[in-house]
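First the structure, in the form of structure tokens, and then the observations on it.
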Amino acid sequence: MKRAIILASVFAMVCGLACGCTPKPADSSGGGTSSGAGGGSAPASAVEEKRETRNLGTTITIATFAGNIWAPAEGATEIGDAALACLDAVKKELGVEIKVELYDYIGLLESASTTIASGAKFADILSPCMFQSSSYVVGDLVQDLSKISSLDLGKAYWNQRVKNLATIKDKTYFAANSLLQLYDSMSVCFFNKRILDECSLENPYDLVRDGKWTIAKFREMAKAATKDIDGAAGMTVDDQWGVALIDPLGNLSDQMVGIYNTDFYKKQADGTIQYNGTDPVLLDAISMAQKITVTDQIAIGNKPDEELTMARDIFMAGNALFFPFTLSYYTSFLGMDDEWGIVPLPKADESKEYFSWYDWNKPVIMVPKTVTGTDLENVGYVLDSIAYHSQQVGALTAEIIKDRLWDETAGEMLDISNGIACFTYRQFFGHAYAELGNASYSVLFQCMGDANVTPISLIEPQVEVAESILSDFMNNLR
């Protein structure tokens, strides 16, 4: 069941909001392992331009599951108030009202599918979660954003990496801006400074700056940190681990594919997507993840039937050197006794680029195909205005998070990850096609559960089906 919310309150512009963040933990200098240099917490400069006011005199309806982003409770959080201020600025600039209709994940897709398929208007703007976005494209429910004459997704206040990923055969099916709060969902690597010092390991901050923060170095340091310290036979949750993993079957292996700058699905020069499962670089990435999670015995995490909080709790207790996962987990670590830092995920080798992704549960922006004519032109103006004014939401989000970290250098590291983070085609295709999930995620899961399984032995049986599905997908795009 949906709830209709009219956003009518007037808020001060976001740039005037004061930052009332939780203070940093004690000794914010970062301890003995911190280099003390770096980027601080100042937000990146926003794009400024002269805005044209209009009086569109209409109500724009946004259908979404993400009420915390599109319709947050007034006064609940600073970032929520900043989002409301962004939408209020849009209303004043364009003379519109904004109505947000909230659904759950499944209800949004079902309602959109039924209504749009009938030819009726469902909403002016859709904001589903990323992992369902392919179902909207495959179902022919949304339109090419690049054809909206009043919308220019090439402007710097739109996420250009997401735009490039969402553009398939010269059609752009979804977009992202700072209102969607992707920042805290990007993948990073937390590390424990006490364990670094006790094991006389290199400072990850210096390794990043020197271009030497690689998966080989990550593995070497994790091996050095793994120790049986509880006196019991074998390694247990009370021992010291090199790596604590959320969902060991899928997490690190999925990250490793990105770390090696590859994917199961890759865009070609003509804009089409092809299956890439037999790529030797991809196979090397999966093999490396196998070594770390299975062969080396340096990683611990939940089993399939255990709580996903297990790895978080192990890192919080000071029993793991590394915790590679989404930035949002920093809030769990603010009360830790041990100091910690943040670096990007390691590179495959010194010649490669760093990698970070966004959580696939985050929303994206789409436009139903039943929005046409003047309504479509108005939607373009509104989306442009939202993206422009959302810059202050993004800046405030980064500022608040950086101000809560142990040291300023961690903020410098976040700037690196934020500058490269994106979604992946694995995330995009997973919901609409179970077979493509089998040809990617299922391969990863099985490899991480058995060191004797070779990646190619699982991939080869999937190639024909995956290629056929992708060919049909490309041929049926409208």
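If you read the sequence from its start, that first residue is 1, and numbering goes on from there.
- Annotation: side-chain contact (heavy atoms from CB on, under 4.5 Å) contacts of A120 (sequence neighbours excluded): T115, S118.
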Residue pair K121, D375: steps toward the side chain to side chain contact (heavy atoms under 4.5 Å, CB included) verdict: CA-CA 11 Å; K121 182 178 177 181; D375 289 344; 3.8 Å; yes

Going through the checks in order, is the side chain to side chain contact (heavy atoms under 4.5 Å, CB included) test met by I342 and F190? CA-CA 5 Å; I342 298 174; F190 296 87; 3.7 Å; yes

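- Using a 4.5 Å heavy-atom cutoff, the side chains of L282 and F264 are in contact.
- In terms of modelled atom types and a separation under 3.5 Å, the side chain of S468 and the main chain of V465 share no donor-acceptor contact.
- Between the side chains of Y358 and N159, at least one donor N or O sits under 3.5 Å from an acceptor N or O.
- By the 30° and 60° cut-offs, the orientation of the rings of W340 relative to W406 is perpendicular.
- D384 and S150 share no donor-acceptor pair across their side chains, judged by distance under 3.5 Å alone.
- Taking the charged nitrogens against the carboxylate oxygens, R51 and E49 do have a contact shorter than 4.0 Å, which makes a salt bridge.
- Judged purely by distance below 3.5 Å, without hydrogens or angles, the side chains of D279 and T262 pair a donor atom with an acceptor atom.
- Q181 contributes no side-chain N or O that, together with a main-chain N or O of I69, makes up a donor-acceptor pair within less than 3.5 Å.
- A salt bridge is absent between D124 and K99: the closest approach of a Lys/Arg side-chain nitrogen to an acidic carboxylate oxygen does not fall below 4.0 angstrom.
- Side chain of E93 to backbone of T53: no donor-acceptor contact under 3.5 angstrom is found.
- The aromatic rings of F473 and F429 stand perpendicular to each other, their planes meeting at an angle above 60°, with 30° marking the opposite boundary.
- Between the side chain of Q427 and the backbone N or O of T424 there is at least one donor-acceptor pair closer than 3.5 Å.
- Side-chain atoms of Y425 come within 3.5 Å of backbone atoms of L165 as a donor-acceptor pair (strictly under, hydrogens ignored).
- The six-membered or imidazole ring of Y173 lies away from that of Y136, with a centre-to-centre distance of 6.0 Å or more.
- Of the possible donor and acceptor atoms, one in the side chain of Q160 sits under 3.5 Å from a partner among the backbone N and O of W158.
- Under a 3.5 Å cut-off, the side chain of D403 and the backbone N or O of E399 do not form any donor-acceptor pair.
- No salt bridge links D210 with K217; every basic N to acidic carboxylate O contact stays at or beyond 4.0 Å.
- Partners of F315 under the ring pair (Phe, Tyr, Trp, His ring centres under 6.0 Å) rule, at least two apart in sequence or in another chain, are F323, F333.
- A donor-acceptor distance shorter than 3.5 angstrom exists from the side chain of Y265 to the backbone of L436, with no hydrogens or angles considered.
- Note on ring orientation: taking the six-membered ring where Trp is involved, the planes of Y157 and Y388 are perpendicular (angle over 60°, cut-offs 30° and 60°).
- When all heavy atoms are compared, the tightest approach of L180 to A175 is CD1-O, 4.1 Å.
- Atoms OH and OG, on Y183 and S185 in that order, are 11.5 Å from each other to the nearest 0.5 Å.
- Put simply, the side chain of Q268 gets close to the backbone of K266: a donor and an acceptor are under 3.5 Å apart.
- Looking only at distances, a side-chain donor or acceptor of N476 sits under 3.5 Å from a matching main-chain atom of D472.
- Within 6.0 Å of the CG atom in D170, the count of heavy atoms belonging to other residues, nucleotides or ligands does not exceed 12.
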